[in-house]
Amino acid sequence: MVRIGYIIGSTAEDSINQKLARVLVDQAPEQAEMVHIPIRHLPLYHRDMDAEFPQEMTDYKQQVADVDGLLVVSPEHNQSFPAAVKNALDILTRPWGKNIIEGLPLGIAGASPGRFGTINGQSQLRQFLPPLGVKVMGSPLMAVHATRETFTDDGADEQTTRRAASYMEAFVEFVVRHSRVGD
Ligand SMILES: Cc1cc2nc3c(=O)[nH]c(=O)nc-3n(C[C@H](O)[C@H](O)[C@H](O)COP(=O)(O)O)c2cc1C
């Protein structure tokens, strides 16, 4: 089994990224155990917290430390990734010297009504992650241009569902190849 955590960059009611996350979870290969890691409750990090790291941040870091790979499912905000995602990732690197995402395999997926379906936000995320030691999967991409028809009450249209299945198959393979699973 491979344990894959996922964070969702939107907590909006009726979020299309929560819907996309559900489709990715449903389409994940059987060998993957998918674990939702909530980020909504996390305080906005500042360095004074290092002296006494808040418990909810420590618990969240432990949840990420316990997975073999991490999937970020996020909208784009002003052609970048949302502040909530930046904060959630920053917390994983603090306090100084306690970066727990060094070597962590990471995938990025997102949906937006914009024509390019989060591709700009994903590019920015790709630039920021490698210096932290994260291993980001290069392809395939999972950037969904969402229309009214893309997501249904319990899933997605056929094309999005098929893409989600291919993406998750590739991501699980990537995690197995780049983590210590099976060592
Ligand atoms: C602050 C803000 C900035 C946004 N910027 C973009 C953008 O750059 N590109 C885009 O396609 N959509 C943008 N949107 C629209 C979101 O993609 C849309 O609200 C989408 O439904 C967000 O995903 P969610 O439903 O999972 O919250 C923006 C929305 C907000 C609130």
Side-chain angles (χ1 to χ4, degrees), residues 4-28 32-46 56-57 60 63-64 67 69-92 101 104-132 134 136-172 174-175:
I4 296 182
Y6 63 99
I7 64 174
I8 305 175
S10 169
T11 49
E13 243 175 76
D14 211 25
S15 156
I16 54 176
N17 285 279
Q18 292 193 42
K19 291 177 181 166
L20 175 60
R22 191 173 60 190
V23 176
L24 291 163
V25 168
D26 287 348
Q27 295 303 316
E33 182 194 355
M34 300 296 294
V35 184
H36 181 217
I37 301 179
I39 61 168
R40 183 184 199 164
H41 62 296
L42 294 172
L44 187 60
Y45 169 82
H46 58 82
E56 61 267 44
M57 280 163 43
Y60 157 72
Q63 284 181 290
V64 176
V67 295
L70 186 67
L71 179 62
V72 177
V73 185
S74 178
E76 71 178 8
H77 280 177
N78 298 320
Q79 306 203 17
S80 183
F81 49 93
V85 171
K86 178 72 161 65
N87 186 52
L89 293 169
D90 282 346
I91 289 168
L92 299 175
I101 47 177
L104 186 71
L106 188 141
I108 305 169
S112 90
R115 210 169 134 205
F116 300 108
T118 71
I119 210 71
N120 290 320
Q122 292 196 23
S123 297
Q124 295 211 356
L125 196 47
R126 271 171 210 287
Q127 282 176 27
F128 142 75
L129 288 167
L132 306 179
V134 177
V136 186
M137 183 167 80
S139 67
L141 296 178
M142 191 70 206
V144 178
H145 161 51
T147 67
R148 281 179 199 280
E149 284 80 42
T150 305
F151 295 103
T152 59
D153 284 344
D154 53 3
D157 61 28
E158 204 183 313
Q159 189 201 30
T160 308
T161 307
R162 219 176 323 113
R163 277 182 74 194
S166 312
Y167 182 85
M168 287 311 298
E169 194 183 333
F171 185 53
V172 169
F174 180 83
V175 171

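What you see below is based on every heavy atom in this structure, not just the backbone, and it leaves out hydrogens, waters and symmetry mates. Each ligand, and each atom within it, is numbered from 1 in the order the structure gives.
Counting the atoms of ligand 1 from 1 in the order shown, those under 4.0 Å from a heavy atom of Asn17 are 23 (O), 24 (P), 26 (O). The distance from ligand 1 to the heavy atoms of Gln79 drops below 4.0 Å at these ligand atoms: 7 (C), 8 (O). With ligand atoms numbered from 1 in the order given, ligand 1 contributes 3 (C), 4 (C), 5 (N), 6 (C), 7 (C), 8 (O) to contacts under 4.0 Å with heavy atoms of Asn78. Counting atoms of ligand 1 from 1 in the listed order, those under 4.0 Å from a heavy atom of Gly114 are 11 (O).
Counting only heavy atoms of the protein, atom 11 (O) of ligand 1 lies nearest to Ser112 OG, 2.7 Å. Summary of contacts: the protein heavy atom closest to atom 18 (C) of ligand 1 is Pro113 CD, 3.7 Å. Nearest non-hydrogen protein atom to atom 26 (O) of ligand 1 is Ser15 OG, 2.6 Å. At the shortest separation from atom 22 (C) of ligand 1 among protein heavy atoms lies Pro75 CB, 3.6 Å. Of the protein's non-hydrogen atoms, the one nearest atom 28 (C) of ligand 1 is Glu76 O, 3.8 Å. For atom 25 (O) of ligand 1, the closest non-hydrogen atom of the protein is Ile16 N, 2.9 Å.
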**Q.** Evaluation steps, side chain to side chain contact (heavy atoms under 4.5 Å, CB included), between Val72 and Phe81
**A.** CA-CA 10 Å; Val72 177; Phe81 49 93; over 6 Å; no

(Q) For a salt bridge (Lys or Arg N to Asp or Glu O under 4.0 Å) check, start with the C-alpha distance between Arg22 and Asp154, then their side-chain angles and the critical distance, and finish with the verdict. (A) CA-CA 9 Å; Arg22 191 173 60 190; Asp154 53 3; 6.0 Å; no

Q. Yes or no on side chain to side chain contact (heavy atoms under 4.5 Å, CB included) for Glu76 and Gln124, after CA distance, side-chain angles and deciding distance?
A. CA-CA 10 Å; Glu76 71 178 8; Gln124 295 211 356; over 6 Å; no

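No side-chain donor-acceptor contact under 3.5 Å links Ser80 to the backbone of His77. One N or O on the side chain of Thr152 and one on the backbone of Gly155 form a donor-acceptor pair closer than 3.5 Å. Arg40 places no side-chain N or O within donor-acceptor distance of the main-chain N or O of Ala84, the cut-off being under 3.5 Å.
The local environment of CD in Gln18 is crowded, with over 12 non-hydrogen atoms from other residues, nucleotides or ligands closer than 6.0 Å.
Contacts between Ser10 and ligand 1, counted as non-hydrogen atom pairs separated by less than 4.0 Å, involve the side chain only.
In this comparison of Arg115, Lys19, His77, the heavy atom closest to atom 2 (C) of ligand 1 sits on His77.
Under the 6.0 Å cut-off for aromatic ring centres, Tyr6 and His36 qualify, their centroids lying closer than that.
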